[in-house]
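All values reported here derive from a predicted model rather than from experimental measurement. We name chains A, B, ... by the order of the sequence lines, and we start the count at 1 in each one.
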There are 2 protein chains.
Amino acid sequence: MDQKVDTRSRILNIAEAAVLEKGFEATSIEEIVAGAEISRGGFFYHFKDKNALARAMLERYINAENALYDDLFARARELNDDPLHCMLIGLKLLAEMLEEMPTGHPGCVIASTAYQDRLFDEGVRDLNRQAILGWRKRFRGMFEEIAQVYEPREAVNMDALGDMVSGVVEGGLVLQRALREHNNASEQIMLFRTYLKLLFADKQRP
Amino acid sequence: MDQKVDTRSRILNIAEAAVLEKGFEATSIEEIVAGAEISRGGFFYHFKDKNALARAMLERYINAENALYDDLFARARELNDDPLHCMLIGLKLLAEMLEEMPTGHPGCVIASTAYQDRLFDEGVRDLNRQAILGWRKRFRGMFEEIAQVYEPREAVNMDALGDMVSGVVEGGLVLQRALREHNNASEQIMLFRTYLKLLFADKQRP
DNA sequence: GGGTCAACTGGACTCGCAGTACAGTCAGGA
DNA sequence: TCCTGACTGTACTGCGAGTCCAGTTGACCC
(Lines give C-alpha, C1' and ligand atoms only; values in the text may rest on other atoms or scores of the structure.)
Protein backbone atom coordinates (compact mmCIF):
# COMPACT_ATOMS: atom_id res chain seq x y z
CA MET A 1 0.00 0.00 0.00
CA ASP A 2 3.00 2.26 0.23
CA GLN A 3 5.23 0.41 -2.17
CA LYS A 4 2.68 0.47 -4.89
CA VAL A 5 -0.15 2.94 -5.07
CA ASP A 6 -3.29 0.94 -5.70
CA THR A 7 -4.40 0.84 -9.28
CA ARG A 8 -7.59 2.83 -8.85
CA SER A 9 -5.72 5.75 -7.30
CA ARG A 10 -3.05 5.51 -9.94
CA ILE A 11 -5.72 5.79 -12.65
CA LEU A 12 -7.22 8.80 -10.87
CA ASN A 13 -3.83 10.49 -10.52
CA ILE A 14 -2.96 10.07 -14.17
CA ALA A 15 -6.46 11.03 -15.30
CA GLU A 16 -6.60 14.12 -13.11
CA ALA A 17 -3.30 15.43 -14.42
CA ALA A 18 -4.35 14.81 -18.01
CA VAL A 19 -7.83 16.26 -17.60
CA LEU A 20 -6.56 19.41 -15.93
CA GLU A 21 -4.01 19.87 -18.65
CA LYS A 22 -6.27 19.42 -21.62
CA GLY A 23 -9.84 18.78 -20.60
CA PHE A 24 -11.94 15.71 -20.12
CA GLU A 25 -12.93 14.87 -23.66
CA ALA A 26 -9.44 15.39 -24.95
CA THR A 27 -8.14 12.78 -22.53
CA SER A 28 -8.43 9.29 -23.98
CA ILE A 29 -8.77 6.12 -21.99
CA GLU A 30 -5.93 4.82 -24.15
CA GLU A 31 -3.47 7.29 -22.70
CA ILE A 32 -4.73 6.81 -19.15
CA VAL A 33 -4.16 3.06 -19.31
CA ALA A 34 -0.75 3.66 -20.91
CA GLY A 35 0.20 6.05 -18.11
CA ALA A 36 -1.09 3.78 -15.39
CA GLU A 37 0.46 0.74 -17.06
CA ILE A 38 -2.67 -1.34 -17.11
CA SER A 39 -4.85 -2.81 -19.81
CA ARG A 40 -8.07 -1.32 -21.15
CA GLY A 41 -9.90 -4.16 -19.52
CA GLY A 42 -8.33 -3.18 -16.22
CA PHE A 43 -9.61 0.36 -16.58
CA PHE A 44 -13.18 -0.76 -17.18
CA TYR A 45 -12.91 -3.12 -14.25
CA HIS A 46 -12.52 -0.09 -11.97
CA PHE A 47 -14.76 2.40 -13.77
CA LYS A 48 -17.79 1.36 -15.72
CA ASP A 49 -17.32 4.28 -18.12
CA LYS A 50 -15.73 7.70 -18.42
CA ASN A 51 -18.59 9.23 -16.50
CA ALA A 52 -17.79 7.10 -13.45
CA LEU A 53 -14.21 8.26 -13.73
CA ALA A 54 -15.33 11.89 -13.81
CA ARG A 55 -17.46 11.36 -10.74
CA ALA A 56 -14.64 9.75 -8.79
CA MET A 57 -12.25 12.52 -9.80
CA LEU A 58 -14.66 15.23 -8.74
CA GLU A 59 -15.32 13.55 -5.40
CA ARG A 60 -11.63 13.23 -4.69
CA TYR A 61 -10.93 16.77 -5.79
CA ILE A 62 -13.70 18.27 -3.67
CA ASN A 63 -12.58 16.34 -0.60
CA ALA A 64 -9.02 17.49 -1.09
CA GLU A 65 -10.12 21.09 -1.54
CA ASN A 66 -12.24 20.95 1.61
CA ALA A 67 -9.40 19.42 3.60
CA LEU A 68 -7.14 22.17 2.30
CA TYR A 69 -9.52 24.92 3.42
CA ASP A 70 -9.94 23.23 6.81
CA ASP A 71 -6.21 23.11 7.27
CA LEU A 72 -5.56 26.61 5.96
CA PHE A 73 -8.04 28.37 8.19
CA ALA A 74 -7.14 26.21 11.18
CA ARG A 75 -3.56 27.40 10.80
CA ALA A 76 -4.79 30.97 10.39
CA ARG A 77 -6.87 30.66 13.54
CA GLU A 78 -3.81 29.57 15.47
CA LEU A 79 -2.04 32.73 14.40
CA ASN A 80 -4.87 35.11 15.21
CA ASP A 81 -8.10 34.67 17.06
CA ASP A 82 -9.92 37.64 15.56
CA PRO A 83 -12.25 36.37 12.83
CA LEU A 84 -11.35 39.13 10.37
CA HIS A 85 -7.63 38.66 10.76
CA CYS A 86 -8.04 34.94 10.65
CA MET A 87 -9.78 35.31 7.28
CA LEU A 88 -7.13 37.72 6.02
CA ILE A 89 -4.33 35.36 7.04
CA GLY A 90 -6.15 32.38 5.53
CA LEU A 91 -6.53 34.18 2.19
CA LYS A 92 -2.87 35.17 2.26
CA LEU A 93 -1.92 31.54 2.85
CA LEU A 94 -4.20 30.48 0.01
CA ALA A 95 -2.66 33.04 -2.33
CA GLU A 96 0.85 31.94 -1.39
CA MET A 97 -0.06 28.35 -1.92
CA LEU A 98 -1.38 29.04 -5.40
CA GLU A 99 1.75 30.99 -6.22
CA GLU A 100 4.13 28.33 -5.00
CA MET A 101 2.78 25.70 -7.32
CA PRO A 102 5.63 25.61 -9.80
CA THR A 103 3.59 24.80 -12.87
CA GLY A 104 0.85 27.12 -11.77
CA HIS A 105 -2.25 25.73 -10.13
CA PRO A 106 -3.62 22.71 -11.95
CA GLY A 107 -6.84 24.59 -12.52
CA CYS A 108 -10.14 23.86 -11.03
CA VAL A 109 -12.03 20.74 -11.90
CA ILE A 110 -15.22 22.56 -10.99
CA ALA A 111 -15.02 25.03 -13.85
CA SER A 112 -13.79 22.38 -16.22
CA THR A 113 -16.80 20.25 -15.37
CA ALA A 114 -19.24 23.14 -15.41
CA TYR A 115 -18.32 24.00 -18.98
CA GLN A 116 -18.65 20.46 -20.29
CA ASP A 117 -21.51 19.35 -18.15
CA ARG A 118 -23.58 17.73 -20.86
CA LEU A 119 -20.95 15.03 -20.99
CA PHE A 120 -21.79 14.05 -17.45
CA ASP A 121 -24.78 12.61 -15.70
CA GLU A 122 -26.93 14.30 -13.08
CA GLY A 123 -24.85 12.80 -10.27
CA VAL A 124 -21.70 14.54 -11.41
CA ARG A 125 -23.49 17.85 -11.90
CA ASP A 126 -25.02 17.62 -8.45
CA LEU A 127 -21.66 16.86 -6.88
CA ASN A 128 -20.37 20.02 -8.46
CA ARG A 129 -23.31 22.03 -7.21
CA GLN A 130 -23.07 20.71 -3.67
CA ALA A 131 -19.38 21.53 -3.50
CA ILE A 132 -19.96 25.18 -4.33
CA LEU A 133 -22.92 25.39 -1.95
CA GLY A 134 -20.65 23.93 0.74
CA TRP A 135 -18.07 26.63 0.18
CA ARG A 136 -20.79 29.27 0.19
CA LYS A 137 -21.90 28.05 3.59
CA ARG A 138 -18.36 27.83 4.94
CA PHE A 139 -17.37 31.34 3.95
CA ARG A 140 -20.72 32.88 4.68
CA GLY A 141 -20.37 31.57 8.24
CA MET A 142 -16.95 33.11 8.55
CA PHE A 143 -18.14 36.45 7.19
CA GLU A 144 -21.06 36.51 9.58
CA GLU A 145 -18.67 35.96 12.44
CA ILE A 146 -16.61 38.87 11.19
CA ALA A 147 -19.69 41.05 10.83
CA GLN A 148 -20.54 40.46 14.47
CA VAL A 149 -17.31 42.16 15.43
CA TYR A 150 -16.89 44.66 12.61
CA GLU A 151 -19.77 46.53 11.11
CA PRO A 152 -19.56 46.38 7.32
CA ARG A 153 -19.20 49.81 5.74
CA GLU A 154 -21.57 48.81 2.98
CA ALA A 155 -24.46 46.38 3.07
CA VAL A 156 -23.59 43.20 1.22
CA ASN A 157 -25.41 39.96 0.56
CA MET A 158 -23.59 37.42 2.69
CA ASP A 159 -24.36 34.47 0.43
CA ALA A 160 -22.96 36.36 -2.53
CA LEU A 161 -19.90 37.36 -0.52
CA GLY A 162 -19.37 33.72 0.38
CA ASP A 163 -19.69 32.77 -3.28
CA MET A 164 -17.19 35.45 -4.13
CA VAL A 165 -14.36 33.43 -2.63
CA SER A 166 -15.07 30.56 -5.00
CA GLY A 167 -15.81 32.97 -7.83
CA VAL A 168 -12.57 34.88 -7.44
CA VAL A 169 -10.56 31.65 -7.33
CA GLU A 170 -12.38 30.18 -10.33
CA GLY A 171 -12.19 33.41 -12.27
CA GLY A 172 -8.51 33.82 -11.42
CA LEU A 173 -7.80 30.31 -12.62
CA VAL A 174 -9.64 30.95 -15.88
CA LEU A 175 -7.50 34.05 -16.46
CA GLN A 176 -4.38 32.15 -15.56
CA ARG A 177 -5.16 29.35 -17.97
CA ALA A 178 -6.09 31.66 -20.79
CA LEU A 179 -3.25 34.12 -20.29
CA ARG A 180 -0.62 31.51 -19.50
CA GLU A 181 0.61 33.68 -16.68
CA HIS A 182 1.43 32.27 -13.27
CA ASN A 183 -0.04 34.32 -10.52
CA ASN A 184 -3.36 35.76 -11.67
CA ALA A 185 -5.32 33.62 -9.26
CA SER A 186 -3.22 34.61 -6.28
CA GLU A 187 -3.36 38.27 -7.32
CA GLN A 188 -7.12 38.09 -7.53
CA ILE A 189 -7.30 36.57 -4.07
CA MET A 190 -5.12 39.32 -2.71
CA LEU A 191 -7.40 41.92 -4.28
CA PHE A 192 -10.37 40.24 -2.68
CA ARG A 193 -8.48 40.35 0.62
CA THR A 194 -8.11 44.10 0.21
CA TYR A 195 -11.84 44.26 -0.40
CA LEU A 196 -12.51 42.60 2.93
CA LYS A 197 -10.10 44.95 4.68
CA LEU A 198 -11.97 47.92 3.25
CA LEU A 199 -15.36 46.42 3.97
CA PHE A 200 -14.77 45.53 7.60
CA ALA A 201 -11.63 47.10 9.01
CA ASP A 202 -11.54 50.04 11.38
CA LYS A 203 -15.17 49.88 12.23
CA GLN A 204 -15.17 47.64 15.26
CA ARG A 205 -18.57 47.48 16.94
CA PRO A 206 -18.78 49.00 20.41
CA MET B 1 -29.12 39.05 -46.94
CA ASP B 2 -32.01 39.85 -44.67
CA GLN B 3 -34.44 37.22 -45.91
CA LYS B 4 -32.04 34.40 -45.37
CA VAL B 5 -29.11 34.58 -42.99
CA ASP B 6 -26.06 33.43 -44.92
CA THR B 7 -25.04 29.86 -44.29
CA ARG B 8 -21.78 30.61 -42.55
CA SER B 9 -23.50 32.79 -39.94
CA ARG B 10 -26.24 30.22 -39.56
CA ILE B 11 -23.63 27.57 -38.79
CA LEU B 12 -21.99 29.89 -36.27
CA ASN B 13 -25.31 30.67 -34.59
CA ILE B 14 -26.28 27.04 -34.21
CA ALA B 15 -22.78 26.04 -33.15
CA GLU B 16 -22.48 28.81 -30.58
CA ALA B 17 -25.76 27.92 -28.92
CA ALA B 18 -24.83 24.24 -28.81
CA VAL B 19 -21.29 24.83 -27.58
CA LEU B 20 -22.41 27.17 -24.82
CA GLU B 21 -24.99 24.66 -23.74
CA LYS B 22 -22.84 21.58 -23.62
CA GLY B 23 -19.25 22.31 -24.56
CA PHE B 24 -17.25 22.10 -27.72
CA GLU B 25 -16.37 18.43 -27.85
CA ALA B 26 -19.89 17.40 -26.95
CA THR B 27 -21.21 19.27 -29.99
CA SER B 28 -21.06 17.12 -33.11
CA ILE B 29 -20.78 18.41 -36.63
CA GLU B 30 -23.70 16.10 -37.36
CA GLU B 31 -26.05 18.11 -35.18
CA ILE B 32 -24.72 21.42 -36.42
CA VAL B 33 -25.43 20.51 -40.03
CA ALA B 34 -28.84 19.17 -39.03
CA GLY B 35 -29.64 22.43 -37.24
CA ALA B 36 -28.38 24.57 -40.09
CA GLU B 37 -30.05 22.33 -42.68
CA ILE B 38 -26.98 21.79 -44.78
CA SER B 39 -24.93 18.75 -45.72
CA ARG B 40 -21.67 17.68 -44.07
CA GLY B 41 -19.89 18.65 -47.23
CA GLY B 42 -21.39 22.11 -46.90
CA PHE B 43 -20.01 22.48 -43.41
CA PHE B 44 -16.49 21.58 -44.49
CA TYR B 45 -16.82 23.94 -47.40
CA HIS B 46 -17.04 26.81 -44.89
CA PHE B 47 -14.76 25.51 -42.16
CA LYS B 48 -11.81 23.31 -42.85
CA ASP B 49 -12.23 21.59 -39.48
CA LYS B 50 -13.71 22.05 -36.03
CA ASN B 51 -10.74 24.14 -35.03
CA ALA B 52 -11.55 26.70 -37.72
CA LEU B 53 -15.10 26.78 -36.41
CA ALA B 54 -13.83 27.41 -32.87
CA ARG B 55 -11.65 30.23 -34.10
CA ALA B 56 -14.47 31.91 -35.98
CA MET B 57 -16.79 31.56 -32.99
CA LEU B 58 -14.25 33.06 -30.63
CA GLU B 59 -13.54 35.95 -32.99
CA ARG B 60 -17.22 36.73 -33.31
CA TYR B 61 -17.82 36.41 -29.60
CA ILE B 62 -14.92 38.67 -28.65
CA ASN B 63 -16.01 41.33 -31.14
CA ALA B 64 -19.54 41.24 -29.78
CA GLU B 65 -18.29 41.49 -26.20
CA ASN B 66 -16.08 44.44 -27.06
CA ALA B 67 -18.91 46.21 -28.85
CA LEU B 68 -21.08 45.59 -25.82
CA TYR B 69 -18.54 47.12 -23.44
CA ASP B 70 -18.08 50.09 -25.79
CA ASP B 71 -21.79 50.70 -25.85
CA LEU B 72 -22.33 50.13 -22.14
CA PHE B 73 -19.69 52.57 -20.97
CA ALA B 74 -20.57 55.10 -23.64
CA ARG B 75 -24.10 55.11 -22.28
CA ALA B 76 -22.73 55.37 -18.75
CA ARG B 77 -20.56 58.30 -19.77
CA GLU B 78 -23.58 60.11 -21.12
CA LEU B 79 -25.24 59.77 -17.74
CA ASN B 80 -22.29 60.92 -15.68
CA ASP B 81 -18.99 62.50 -16.59
CA ASP B 82 -17.14 61.55 -13.44
CA PRO B 83 -14.95 58.52 -14.21
CA LEU B 84 -15.82 56.71 -10.99
CA HIS B 85 -19.53 57.18 -11.38
CA CYS B 86 -19.31 56.28 -15.03
CA MET B 87 -17.67 52.99 -14.04
CA LEU B 88 -20.25 52.35 -11.33
CA ILE B 89 -23.11 52.99 -13.75
CA GLY B 90 -21.48 50.84 -16.42
CA LEU B 91 -21.15 47.93 -14.01
CA LYS B 92 -24.75 48.36 -12.93
CA LEU B 93 -25.86 48.24 -16.55
CA LEU B 94 -23.73 45.15 -17.10
CA ALA B 95 -25.23 43.44 -14.07
CA GLU B 96 -28.75 44.30 -15.21
CA MET B 97 -28.03 43.02 -18.66
CA LEU B 98 -26.81 39.69 -17.31
CA GLU B 99 -29.86 39.43 -15.14
CA GLU B 100 -32.31 40.18 -17.89
CA MET B 101 -31.19 37.32 -20.04
CA PRO B 102 -34.11 35.01 -19.49
CA THR B 103 -32.24 31.73 -19.76
CA GLY B 104 -29.34 33.17 -17.84
CA HIS B 105 -26.24 34.31 -19.66
CA PRO B 106 -25.07 31.84 -22.27
CA GLY B 107 -21.78 31.57 -20.43
CA CYS B 108 -18.49 32.76 -21.58
CA VAL B 109 -16.75 31.18 -24.50
CA ILE B 110 -13.46 32.32 -23.02
CA ALA B 111 -13.65 30.01 -20.00
CA SER B 112 -15.07 27.24 -22.09
CA THR B 113 -12.14 27.51 -24.46
CA ALA B 114 -9.57 27.92 -21.70
CA TYR B 115 -10.57 24.65 -20.09
CA GLN B 116 -10.43 22.64 -23.28
CA ASP B 117 -7.54 24.39 -24.89
CA ARG B 118 -5.63 21.34 -26.01
CA LEU B 119 -8.36 20.78 -28.53
CA PHE B 120 -7.43 24.02 -30.21
CA ASP B 121 -4.42 25.32 -32.07
CA GLU B 122 -2.14 28.15 -31.01
CA GLY B 123 -4.19 30.67 -33.01
CA VAL B 124 -7.31 30.04 -30.98
CA ARG B 125 -5.42 30.16 -27.70
CA ASP B 126 -3.78 33.41 -28.69
CA LEU B 127 -7.11 34.94 -29.63
CA ASN B 128 -8.34 34.09 -26.18
CA ARG B 129 -5.27 35.58 -24.57
CA GLN B 130 -5.45 38.79 -26.57
CA ALA B 131 -9.09 39.28 -25.68
CA ILE B 132 -8.38 39.17 -21.96
CA LEU B 133 -5.34 41.41 -22.33
CA GLY B 134 -7.56 43.85 -24.24
CA TRP B 135 -10.06 43.94 -21.41
CA ARG B 136 -7.22 44.36 -18.90
CA LYS B 137 -6.03 47.40 -20.83
CA ARG B 138 -9.54 48.81 -21.20
CA PHE B 139 -10.42 48.61 -17.52
CA ARG B 140 -6.96 49.46 -16.29
CA GLY B 141 -7.23 52.71 -18.27
CA MET B 142 -10.58 53.47 -16.70
CA PHE B 143 -9.29 52.75 -13.20
CA GLU B 144 -6.27 54.98 -13.72
CA GLU B 145 -8.58 57.79 -14.76
CA ILE B 146 -10.55 57.24 -11.59
CA ALA B 147 -7.39 57.16 -9.48
CA GLN B 148 -6.43 60.58 -10.82
CA VAL B 149 -9.55 62.00 -9.26
CA TYR B 150 -9.97 59.77 -6.22
CA GLU B 151 -7.04 58.54 -4.18
CA PRO B 152 -7.41 54.81 -3.57
CA ARG B 153 -7.68 53.95 0.11
CA GLU B 154 -5.45 50.97 -0.39
CA ALA B 155 -2.67 50.43 -2.90
CA VAL B 156 -3.77 48.02 -5.60
CA ASN B 157 -2.11 46.65 -8.70
CA MET B 158 -3.97 48.31 -11.54
CA ASP B 159 -3.40 45.47 -14.01
CA ALA B 160 -4.83 43.02 -11.51
CA LEU B 161 -7.77 45.32 -10.83
CA GLY B 162 -8.42 45.50 -14.56
CA ASP B 163 -8.28 41.71 -14.75
CA MET B 164 -10.69 41.53 -11.85
CA VAL B 165 -13.56 42.72 -14.03
CA SER B 166 -13.06 39.78 -16.40
CA GLY B 167 -12.32 37.47 -13.49
CA VAL B 168 -15.45 38.38 -11.59
CA VAL B 169 -17.60 37.92 -14.70
CA GLU B 170 -15.96 34.61 -15.61
CA GLY B 171 -16.07 33.37 -12.03
CA GLY B 172 -19.69 34.42 -11.68
CA LEU B 173 -20.61 32.59 -14.85
CA VAL B 174 -18.86 29.43 -13.64
CA LEU B 175 -20.87 29.59 -10.41
CA GLN B 176 -24.04 30.22 -12.34
CA ARG B 177 -23.47 27.26 -14.63
CA ALA B 178 -22.53 24.92 -11.83
CA LEU B 179 -25.25 26.03 -9.41
CA ARG B 180 -27.96 26.36 -12.02
CA GLU B 181 -28.99 29.63 -10.45
CA HIS B 182 -29.74 32.74 -12.46
CA ASN B 183 -28.09 35.79 -11.06
CA ASN B 184 -24.77 34.81 -9.54
CA ALA B 185 -22.81 36.65 -12.19
CA SER B 186 -24.76 39.86 -11.74
CA GLU B 187 -24.49 39.57 -7.96
CA GLN B 188 -20.75 39.17 -8.22
CA ILE B 189 -20.52 42.23 -10.42
CA MET B 190 -22.54 44.23 -7.92
CA LEU B 191 -20.20 43.10 -5.14
CA PHE B 192 -17.25 44.21 -7.23
CA ARG B 193 -18.99 47.54 -7.71
CA THR B 194 -19.22 47.91 -3.95
CA TYR B 195 -15.51 47.18 -3.81
CA LEU B 196 -14.80 50.08 -6.12
CA LYS B 197 -17.02 52.37 -4.09
CA LEU B 198 -15.08 51.48 -0.96
CA LEU B 199 -11.73 51.73 -2.70
CA PHE B 200 -12.23 55.13 -4.29
CA ALA B 201 -15.21 56.97 -2.91
CA ASP B 202 -15.10 59.88 -0.50
CA LYS B 203 -11.45 60.50 -0.99
CA GLN B 204 -11.42 63.04 -3.78
CA ARG B 205 -7.98 64.44 -4.38
CA PRO B 206 -7.57 68.14 -3.56
C1' DG C 1 -27.52 30.77 -74.94
C1' DG C 2 -23.22 29.19 -73.32
C1' DG C 3 -19.57 29.51 -69.92
C1' DT C 4 -18.01 30.14 -65.39
C1' DC C 5 -17.89 30.28 -60.64
C1' DA C 6 -19.34 29.97 -55.82
C1' DA C 7 -22.04 27.42 -52.94
C1' DC C 8 -23.32 23.76 -52.10
C1' DT C 9 -25.17 18.02 -52.05
C1' DG C 10 -24.29 13.17 -51.38
C1' DG C 11 -21.84 9.21 -50.83
C1' DA C 12 -17.94 6.45 -49.85
C1' DC C 13 -14.01 5.87 -47.22
C1' DT C 14 -10.31 5.98 -43.17
C1' DC C 15 -9.17 6.56 -38.53
C1' DG C 16 -9.37 7.04 -33.59
C1' DC C 17 -11.84 6.42 -29.52
C1' DA C 18 -15.68 4.71 -26.26
C1' DG C 19 -17.75 0.96 -24.78
C1' DT C 20 -18.95 -4.28 -24.76
C1' DA C 21 -17.93 -9.02 -24.22
C1' DC C 22 -15.63 -12.50 -22.72
C1' DA C 23 -12.08 -16.02 -22.08
C1' DG C 24 -8.00 -16.63 -19.70
C1' DT C 25 -4.21 -15.69 -15.92
C1' DC C 26 -2.44 -15.25 -11.41
C1' DA C 27 -1.74 -14.38 -6.43
C1' DG C 28 -3.50 -14.80 -1.86
C1' DG C 29 -6.72 -16.35 1.58
C1' DA C 30 -10.34 -19.89 3.66
C1' DT D 1 -7.77 -27.16 -3.20
C1' DC D 2 -10.84 -24.01 -4.64
C1' DC D 3 -12.42 -19.44 -4.89
C1' DT D 4 -12.28 -14.73 -5.69
C1' DG D 5 -10.64 -10.19 -6.88
C1' DA D 6 -7.76 -7.94 -9.88
C1' DC D 7 -6.53 -7.93 -13.61
C1' DT D 8 -4.67 -9.09 -19.25
C1' DG D 9 -5.63 -9.55 -24.13
C1' DT D 10 -8.29 -9.70 -28.01
C1' DA D 11 -11.94 -9.02 -30.89
C1' DC D 12 -15.93 -6.53 -32.05
C1' DT D 13 -19.64 -2.53 -32.58
C1' DG D 14 -20.68 2.11 -33.28
C1' DC D 15 -19.95 6.98 -33.63
C1' DG D 16 -17.91 11.14 -34.95
C1' DA D 17 -14.05 13.75 -37.41
C1' DG D 18 -12.01 14.48 -41.38
C1' DT D 19 -10.89 13.43 -46.59
C1' DC D 20 -12.06 12.97 -51.38
C1' DC D 21 -14.52 13.77 -54.98
C1' DA D 22 -18.03 13.79 -58.52
C1' DG D 23 -22.03 16.06 -59.47
C1' DT D 24 -25.87 19.88 -59.08
C1' DT D 25 -27.80 24.50 -58.96
C1' DG D 26 -28.45 29.28 -59.45
C1' DA D 27 -26.47 33.93 -60.46
C1' DC D 28 -24.02 36.86 -63.22
C1' DC D 29 -21.33 37.79 -67.47
C1' DC D 30 -20.49 38.06 -72.30
S.K.: Output yes when at least one side-chain N/O atom of Thr7(A) is less than 4.0 Å from OP1 or OP2 of dA6(D), else no.
M.R.: no
S.K.: Of Thr27(A) and Gly41(A), whose nearest nucleotide on DNA chain C comes first from the 5' end?
M.R.: Thr27(A)
S.K.: Is any side-chain N or O of His46(A) closer than 4.0 Å to OP1 or OP2 of dA6(D)?
M.R.: no
S.K.: Any Lys/Arg nitrogen of Glu181(A) or Arg136(B) sitting under 4.0 Å from an Asp/Glu carboxylate oxygen of the other?
M.R.: yes
S.K.: Rounded to whole angstrom units, what separation is found between the CD1 atom of Ile38(B) and the P atom of dA6(C)?
M.R.: 18 Å
S.K.: Quick test of your reading of the model: are Glu37(B) and Arg10(B) salt-bridged, counting only N-O distances below 4.0 Å?
M.R.: no
S.K.: Would you mind reading off the distance between Phe44(B) atom CZ and dA7(C) atom C1', rounded to a whole angstrom?
M.R.: 16 Å
S.K.: Look at the side chain of Ser28(A) and decide which nucleotide, out of dA18(C), dT8(D), dG18(D), has an atom nearest to it.
M.R.: dA18(C)
S.K.: When the distance from CZ of Phe24(A) to P of dC17(C) is rounded to whole Å, what number comes out?
M.R.: 15 Å
S.K.: Whole Å only: how far is the CG atom of Asn51(A) from the P atom of dC17(C)?
M.R.: 20 Å
S.K.: Record whether the side chain of Arg40(B) comes under 3.5 Å of the base of dG18(D) through a donor-acceptor pair of N or O atoms.
M.R.: yes
S.K.: Under a 4.0 Å threshold between the charged nitrogen and the carboxylate oxygen, would Glu145(B) count as salt-bridged to Arg77(B)?
M.R.: yes
S.K.: State whether Tyr45(B) places a side-chain N or O below 4.0 Å from either non-bridging phosphate oxygen (OP1 or OP2) of dA7(C).
M.R.: yes
S.K.: Under 4.0 Å between a Lys/Arg side-chain N and an Asp/Glu carboxylate O for Arg75(A) and Glu78(A)?
M.R.: no
